[in-house]
S.K.: 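I'd like to ask some things about the structure below.
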Amino acid sequence: MKVYDAASIRNVALVGHSGSGKTQLASALLSVSSMVNRFGKVDEGTTVTDYDEEEVARKHTLSAGLAYIEWNKQKINLIDTPGMGNFFSDARAALQVADAALVVVDAVAGVMVQTEKVWEAAQSLALPRIVVLNRIDRERASLERSLKSLQEACSRSVVPIQLPIGEEKTFKGVVDLIAKKAYVYQTDESGKFTEAAVPAEMTAAVDSAREALIEMVAENDEKLMEKFFEAGTLTDDELVAGLRSATIAAKIFPLVCTSALVNVGLQPLLDVVVKYLPSPAERPLAALDKDGKETTRDADEKAPAAAFVWKTIADPFAGRITMFRVVSGALKADSNIHNKSRDVAERFGHLLLLQGKTQTSVPEIKAGDLGAVAKLKDTLTNDTLGDRSDPVTFPTLKFPEPVLSYAIEPKTRGDEDKISTSMHRLEEEDPSIKYSRDEQTKELLLSGQGQLHIEVTVAKLKRRFGVDVNLKPPRIPYRETIKASTEAHGRHKKQTGGHGQFGDCKIRVEPLPRGADFEFVDDIFGGSIPRQFIPAVEKGIQETRTRGYLAGYPMVDFRVTVFDGSYHDVDSNELSFKMAGRLAFKDAMTRARPTILEPIMNVEVYAPSDFAGDLMGDLNGRRGRIAGMDTRGATTIIKAQVPMAEMLTYEQHLTSATGGRGSYHMEYSHYDEVPSHLQTKIIAASKAERGVEVEEV
Ligand SMILES: Nc1nc2c(ncn2[C@@H]2O[C@H](COP(=O)(O)OP(=O)(O)OP(=O)(O)O)[C@@H](O)[C@H]2O)c(=O)[nH]1
Ligand SMILES: [Mg+2]
């Protein structure tokens with residue numbers, strides 16, 4: 001394997017809705033470029049990028065996978081990403097280290113919920129995008145309909161640079177609108193094709209599509225606009241140059257046509273990637289200087305070495321595998337490097353290029369390229385590696401907070417320690433999961449982005465680390481709060497033989513706005529409580545509020561002010577004031593109208609319009625509030641706010657109600673009060689689960 005320099009590299013992320021064919025596309029691209037001998041299939045579990053056992057079993061990408069292709073003396077790094085919403089953070093991470101995205105769209109379904117999510121994410125990074133309209137060989141595939149949905153949902157500037165030859169089962173090639181040539185394929189999956197003239201019956205359509213493309217390119221460049229008005233058209237060279245710069249500037253999004261399963265249109269796509277997408281040399285990456293100010297870093301080999309870690313894999317045998325982009329300079333095998341985010345030294349052994357799970361050891365990886373290294377001691381995702389004297393670091397990835405928790409218990413007694421060490425490593429691999437222990441129930445909690453995310457994590461735990469756990473029903477992270485202000489008094493006094501205990505405080509509690517969490521204010525003047533005991537009062541209140549009052553959920557969104565109290569010269573101590581704080585708090589709760597809060601989710605449902613009425617009825621039944629409705633072609637988008645407790649079974653419902661044609665996205669919005677009849681149930685359930693609280697003194 002040659003070592004490539006920045007100008008000969010393209011880093012592209014394959015993103016899009018689940019099932020649009022990203023993994024199959026990566027497989028077909030690897031096959032037509034002879035990087036692999038065999039044309040791997042998702043359905044047969046033989047692709048390069050879905051190599052994890054869990055991915056093979058589920059036929060879905062669950063974690064970003066790397067592959068590379070050599071094409072026209074260039075190296076194309078592909079990052080195949082998961083399309084399922086639960087695993088979005090990996091797609092987001094891939095976009096951060098790519099220089100462009102291939103947005104893969106199913107030509108039958110058009111834009112779907114995750115298409116829009118990845119589009120927004122790419123937009124926020126100003127990333128160049130090519131739309132790959134895939135699965136054109138399928139029944140009801142349509143360029144026209146898909147393009148309309150793309151133009152409505154993503155950008156007016158999505159424009160075909162190819163037209164498909166034939167449709168549905170007869171799809172057999174593409175016409176290149178720029179070169180005005182046809183590529184006609186043998187539709188036997190061999191990927192063999194011949195170049196031909198534009199079919200006679202397509203000339204009118206090709207001319208008008210080419211005209212539309214030229215106009216769009218001219219519109220995006222003043223000089224070209226002038227030429228266009230003078231000459232009535234653009235030359236081929238002007239068209240290519242104009243399209244390239246508008247694509248790199250993320251002003252125009254060229255659309256190409258493929259079938260990744262029948263193996264049609266892949267070589268022209270590779271040509272488009274090389275010709276129209278920027279190399280790292282043309283795209284400085286965002287960086288932070290020594291004061292944390294935003295700057296950029298060029299992919300300059302001569303600059304100090306700097307690499308950004310965008311992903312970590314927890315391998316039970318090889319240990320940690322750290323995946324990075326070399327942003328500037330070069331990394332060399334068998335060398336020392338500094339982890340600038342943690343200020344520790346690290347040592348590289350082998351430097352690796354990844355072709356799926358296959359690792360190739362290389363002596364050097366230069367600026368602009370993607371690579372990996374095994375067995376670093378302290379380095380994790382989001383770290384910057386490089387020269388110690390070079391102050392630059394890179395903006396970090398933000399991982400979503402978990403939205404759902406399940407209690408887990410080991411199938412084998414005594415496996416708790418093993419769970420903890422293995423989960424710790426899985427958390428390193430996937431920062432969007434969290435493992436914790438519920439201090440009250442002593443249960444082990446696994447939190448993540450959704451049911452599937454939790455299930456996959458549990459499966460990884462078993463397959464990779466040999467730990468088998470049972471999943472208990474999901475837990476809703478309820479909170480408690482108060483609705484009224486009040487004052488309260490707590491006095492702790494004990495006289496047992498010699499040394500007594502004495503603590504006494506008065507507090508005021510007041511509700512705060514949602515999301516304010518908790519505030520403690522010390523408003524003691526004149527020493528009615530000595531300084532050194534105030535923290536003890538706070539501690540007593542803190543401990544009590546986290547254990548909740550009604551149903552054992554943490555209390556939030558209120559302020560406690562301690563404003564008076566008294567003490568005893570001999571008998572007062574920390575413990576006594578802690579107890580006084582606790583008693584005052586409990587007293588306050590009897591008048592502060594405590595209540596239970598539940599998480600409310602923002603939900604977006606995409607489905608064929610025929611189902612819209614039923615789906616809205618169902619969301620209403622789930623205590624949802626419909627916030628808006630939109631139609632895009634034949635698809636209706638419903639936006640609603642629904643309590644999380646009602647959404648636990650939604651995935652199954654949507655699939656069965658729409659025959660698998662609906663999709664949805666859900667994210668946390670805010671906390672809101674639970675209706676009182678449901679509060680009674682929550683309190684009863686919590687009592688049954690946690691037993692009666694015993695107050696320890
Ligand atoms: N007919 C047809 N089927 C395709 C095509 N591309 C992919 N498929 C099939 O569509 C299904 C999904 O393909 P994948 O490549 O796994 O889709 P993906 O986008 O990677 O999905 P996630 O990994 O879940 O995000 C598989 O059964 C593929 O064989 C295509 O061009 N034509
Ligand atoms: Mg996939």
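Start at 1 and go down the list; that is how both ligands and their atoms are numbered. Everything numeric in this text was worked out from a predicted model, so none of it was measured.
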S.K.: Would you verify whether the NZ or CZ of K75 falls within 45 degrees of the ring axis of Y68 while also being under 6.0 Å from that six-membered ring's centre?
M.R.: yes
S.K.: Using a 4.0 Å heavy-atom threshold (strictly under), name the region of R138 that reaches ligand 1: side chain, backbone, both or neither.
M.R.: side chain
S.K.: In a check of salt bridge (Lys or Arg N to Asp or Glu O under 4.0 Å) between D52 and each of R464, K59, R58, which one passes?
M.R.: R464
S.K.: Does a salt bridge link R135 with D106, judged by any charged N lying under 4.0 Å from a carboxylate O?
M.R.: yes
S.K.: Please list the nearest protein heavy atom to atom 26 (C) of ligand 1 with its residue and the distance rounded to 0.1 Å.
M.R.: D43 OD1, 3.6 Å
S.K.: What protein heavy atom sits nearest atom 1 (N) of ligand 1, and how far away is it?
M.R.: D137 OD2, 2.8 Å
S.K.: Taking the basic N atoms (NZ, or NE/NH1/NH2) and the acidic carboxylate oxygens, is any pair closer than 4.0 Å for E54 and R463?
M.R.: yes
S.K.: What verdict does the side-chain contact (heavy atoms from CB on, under 4.5 Å) test give for Q114 and S18, after you've listed the backbone C-alpha separation in whole Å, the side-chain angles of each residue and the deciding distance to 0.1 Å?
M.R.: CA-CA 8 Å; Q114 218 53 34; S18 176; over 6 Å; no
S.K.: Among K22, H60, E168, K59, whose heavy atom sits nearest atom 18 (P) of ligand 1?
M.R.: K22
S.K.: May I ask you to check if any N/O/S atom from T81 comes under 2.8 Å of the Mg ion (ligand 2)?
M.R.: no
S.K.: Which atoms of ligand 1 have any heavy atom of V42 under 4.0 Å away?
M.R.: 14 (P), 15 (O), 16 (O)
S.K.: Please report whether ligand 1 has a polar contact with T258, defined as an N or O pair separated by less than 3.5 Å (distance criterion only).
M.R.: no
S.K.: Less than 6.0 angstrom separating the ring centers of Y650 and Y664, yes or no?
M.R.: yes
S.K.: Measure from NZ or CZ of K462 to the centre of the six-membered ring of F465, then state whether that distance is under 6.0 Å and the direction lies within 45° of the axis.
M.R.: no
S.K.: Mind checking whether L25 has an N or O less than 3.5 Å away from an N or O of ligand 1?
M.R.: no
S.K.: Give the numbers and elements of all ligand 1 atoms closer than 4.0 Å to a heavy atom of S259.
M.R.: 30 (C), 31 (O), 32 (N)
S.K.: Determine whether the side chain, the backbone, both or neither of T23 has a heavy atom under 4.0 Å from any heavy atom of ligand 1.
M.R.: both
S.K.: Nearest protein heavy-atom contact for atom 17 (O) of ligand 1: which residue, which atom, what distance?
M.R.: G21 N, 3.2 Å
S.K.: Given the side-chain rings of H424 and Y435, with only the six-membered ring counted for Trp, is the space between their centroids under 6.0 Å?
M.R.: no
S.K.: Short list, please: which atoms of ligand 1 are under 4.0 Å from a heavy atom of N134?
M.R.: 5 (C), 6 (N), 31 (O)
S.K.: How close does the nearest protein non-hydrogen atom get to atom 31 (O) of ligand 1, and which residue and atom is it?
M.R.: A260 N, 2.9 Å
S.K.: For atom 21 (O) of ligand 1, grab the closest protein heavy atom and report residue, atom and distance to one decimal in Å.
M.R.: G19 N, 2.9 Å
S.K.: What residue and atom, counting heavy atoms only, is the protein's closest point to atom 4 (C) of ligand 1, and at what distance?
M.R.: R135 NE, 3.6 Å
S.K.: Please determine if the Mg ion (ligand 2) has an N/O/S atom from T61 lying under 2.8 Å away.
M.R.: yes
S.K.: Below 4.0 Å from ligand 1: does a non-hydrogen atom of G16 turn up there or not?
M.R.: no
S.K.: Less than 4.0 Å between a side-chain N and a carboxylate O, is that true for E429 and K311?
M.R.: no
S.K.: Does a salt bridge link K41 with E189, judged by any charged N lying under 4.0 Å from a carboxylate O?
M.R.: yes
S.K.: Nearest protein heavy atom to atom 15 (O) of ligand 1, by residue and atom, and its distance?
M.R.: Q24 N, 2.8 Å
S.K.: What do we get for L261 next to ligand 1 when only non-hydrogen atoms under 4.0 Å count, side chain, backbone, both or neither?
M.R.: both
S.K.: Compute the ring centroids of W119 and F253, then answer whether they are less than 6.0 Å apart.
M.R.: yes
S.K.: Return yes if some donor-acceptor pair links the side-chain N/O of R325 with the main-chain N/O of V97 below 3.5 Å, else return no.
M.R.: yes
S.K.: For ligand 1, indicate whether the residue T61 contacts it via side chain, backbone, both or neither (heavy-atom separation under 4.0 Å).
M.R.: both
